[in-house]
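To keep things clear, I will list the structure first and then write my remarks on it.
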Amino acid sequence: MGGRAVDRRQEGRRLFSTDCNKGTGLPRYLFFYLAVILVFGAGIVGILRAGSDLRPAATGAAAAPAETGTAVLPRPAPDGAAGGLAGTLRDNLHHPFALLLLQILVIVTAARLLGALCRRIQQPPVIGEMIAGILLGPSLLGAVAPAAHAFLFPTDSLGALRLLSQIGVVLFMFVVGIELDVQHLRQRADAAVLVSHASIVLPFFLGTAGALLLYRALAPAGVPFTPFALFMGVAMSITAFPVLARIIEERGLAGSQLGSIAIACAAVDDATAWCLLAVVVAIAKAGGAAGAVPTIALTLLFIAAMLFLVRPWLARRAERRRPLENGRSAGLLAVVLVFVFAAALFTEVIGIHALFGAFLAGVAMPPDPALRQFLRERMETFSSVFLLPLFFAFTGLRTQIGLLDDLRGWLLCAAIIGLAIAGKLGGSMAAARWTGMGWGDSFALGALMNTRGLVELIVLNLGYDLGILSPRIFAMLVLMALVTTFMTGPLLNLLAWWRRRAAPEAEAARVAV
């Protein structure tokens, strides 16, 4: 059957080629070509001349914009004497779409360069991408070259950049949900729950306690203390699960006991922190805990439906169809994207954030490893290379480190960083030691759980959008996210050096005994 189909295709190509080769010579084709161009070209010129004196009726001209609601407006023509070609090019570059393309070009290039630089110094590339976003903002580019910054990032152009970056974050949170292996959590639930919840409760307590000192000086006007304090607690409690997973993989800890416990703890931490964040967002939007009850109830129903109805149903569908084996990857990807954005839309509408719906959509994906790997590769590649750098840049445009212009501001920033490290690293380390882990592994687990990275920036931008964070404390918390993420690698290197140094001493002591 397949052979006959191939023969028919070959015969068709042979006949088609034979018919095409039966030409009558180039001169005849050239004559026909010139005749068509001349006749119809002359007709077009005649039509344009005949209609050059026509004018639209007054009623039609007035009604068209009113009925359609749109009008095509020409770009302002540059003054030929003053601008010339340079003026025309400059005006074209200021068109919104051209400016967006230029912004993407600059942002992605800077992010890739600094990401590669961080990889060379054994740091996660995400740190370089975060730094690139800050350098393109008012903290460096705006201070060193304000004219270039105003030309590249005018205020009225940031809307499109923000929307694109939000799409990237939605896809990223879906990937975070995919990487949350529920079965893996069940296998290590005892240590994971204890360590992760200890690493949430202690920093959450320190964050809310610190809010007592920071509220009067740094909270925006009109923001009640409760949402500000709760948000500070959540911001202190975050662990960047994707960054932690990359660090474990790059250091060869993926199959070790430490790596497995760290992955499980970070997954439980992320799931718990996002649930807390959903409650905080609901309270902030409703103006109080009482007004947030309907939103919280709808959120709990949505979580239950996704975990106990949608997830089993998707698992059964995946077992029956096996789309990856049937080569239906494009259709599968389209269906998954529709599902992700529908879940994100639902959580956005009920009063929390679209990111929470995207995260749950990832958690609800069938447990098939091949399917999850397929979705992770497709989604993560596009979002991390193209869209997430836009989010870093947008965050950098909001970060004004110049607001920390006095000693008191820098001391407050240092205090916030100290609270974050003490709560996350200290809480995780103490809980791990309580479960029976050695001091070295407990310290390593605490250092890994102290990694905040991109997830922290997502939370901070959410607080900024809700008006809970002022520009000054937003800058402090962004610096805290950078410092706590950057210090993970050096702390692990320090522990490895200490262990190498201690090993010969321990061996010598054993031989002496």
- Item | Stepwise side-chain contact (heavy atoms from CB on, under 4.5 Å) check, Leu404 with Arg472 | CA-CA 7 Å; Leu404 309 182; Arg472 200 161 190 240; 4.1 Å; yes
- Task: Applying side-chain contact (heavy atoms from CB on, under 4.5 Å), run through Leu448 and Leu491 and close with a yes or a no.
- Result: CA-CA 9 Å; Leu448 289 169; Leu491 288 179; over 6 Å; no
- Task: Any chance you could lay out the side-chain contact (heavy atoms from CB on, under 4.5 Å) test for Met232 and Ile468, step after step, and finish with the verdict?
- Result: CA-CA 9 Å; Met232 287 296 299; Ile468 300 174; over 6 Å; no
- Message: Between Thr484 and Glu456, does the side-chain contact (heavy atoms from CB on, under 4.5 Å) criterion hold? Intermediate values first, please.
- Response: CA-CA 10 Å; Thr484 54; Glu456 179 74 11; over 6 Å; no
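Nearest heavy atoms, Pro138 versus Gln400: CG-CG, 3.9 Å. Nearest heavy-atom pair across Tyr215 and Pro224 is OH-C, 3.7 Å. Cys265 and Val195 make their closest contact through SG-CB, 3.6 Å (heavy atoms, listed as atom of the first residue, atom of the second, distance). Of all heavy-atom pairs spanning Ala432 and Thr435, the tightest one is O-OG1, 2.6 Å. The two atoms that bring Ala111 and Pro389 nearest to each other are CB-CB, 3.7 Å, heavy atoms only. Listed here is the closest heavy atom pair of Met476 and Leu218: SD-CD1, 3.8 Å.
A distance-only check finds no donor-acceptor pair linking the side chain of Thr109 to the backbone of Val106 [under 3.5 Å]. A donor-acceptor pair is defined here as one N or O able to donate and one able to accept, closer than 3.5 Å; no such pair exists between the side chain of Thr451 and the backbone of Ala240. Between the Thr208 side chain and the Phe205 main chain, a donor and an acceptor come within less than 3.5 Å of each other. Using a distance-only test at 3.5 Å, with no hydrogens or angles considered, a donor-acceptor pair links the side chain of Arg372 to the main chain of Met365. Checking side-chain atoms of Ser428 against main-chain N and O of Leu425 turns up no donor-acceptor pair under 3.5 Å. A donor-acceptor pair is defined here as one N or O able to donate and one able to accept, closer than 3.5 Å; no such pair exists between the side chain of Arg378 and the backbone of Arg376. The backbone N or O of Thr399 lies less than 3.5 Å from a partner atom in the side chain of Ser139, making a donor-acceptor pair.
Side-chain contact between Pro154 and Leu99 is present, with at least one heavy-atom pair separated by less than 4.5 Å. In this structure, the side chains of Cys118 and Pro125 stay at 4.5 Å or more apart for every pair of heavy atoms. You'll find the side chain of Leu152 reaches within 4.5 Å of the side chain of Gln103, heavy atoms only. Proximity of Phe231 to Val281: side-chain heavy atoms (C-beta onward) are nowhere separated by under 4.5 Å. Counting heavy atoms from C-beta outward, Leu457 and Val478 have side chains that approach closer than 4.5 Å. Using a 4.5 Å cut-off on side-chain heavy atoms (C-beta onward), Ile200 and Lys424 make contact. Side-chain contact check for Leu102 versus Phe151: some heavy-atom pair is nearer than 4.5 Å. Val169 is not listed as a side-chain neighbour of Asn461, based on a closest heavy-atom distance of 4.5 Å or more.
From Gln373, atom CD reaches atom CG of Leu371 across 10.5 Å, with rounding to the nearest 0.5 Å. Separation of atoms CG (Leu390) and CZ (Arg162) is listed at 13.5 Å; rounding is to 0.5 Å.
Pairs of residues two or more places apart, or lying in two chains, that qualify as ring-ring contact (aromatic ring centres under 6.0 Å, His included) and include a residue from residues 383-403 are Phe382-Phe386.
Remark: Arg398 engages Asp465 in a salt bridge (Lys or Arg N to Asp or Glu O under 4.0 Å) (not counting sequence neighbours).
In this structure, Gln122 places its CD atom where only 12 or fewer heavy-atom neighbours from other residues, nucleotides or ligands lie under 6.0 Å away. Environment of CZ in Arg112: sparse, with no more than 12 heavy atoms of neighbouring residues, nucleotides or ligands closer than 6.0 Å. Shown here is Phe486, whose CZ atom has no more than 12 heavy atoms of other residues, nucleotides or ligands within 6.0 Å. Environment of CZ in Phe339: crowded, with over 12 heavy atoms of neighbouring residues, nucleotides or ligands closer than 6.0 Å.
Checking each of Leu479, Leu403, Leu460 against Phe474 for a side chain to side chain contact (heavy atoms under 4.5 Å, CB included) leaves exactly one that passes, namely Leu460.
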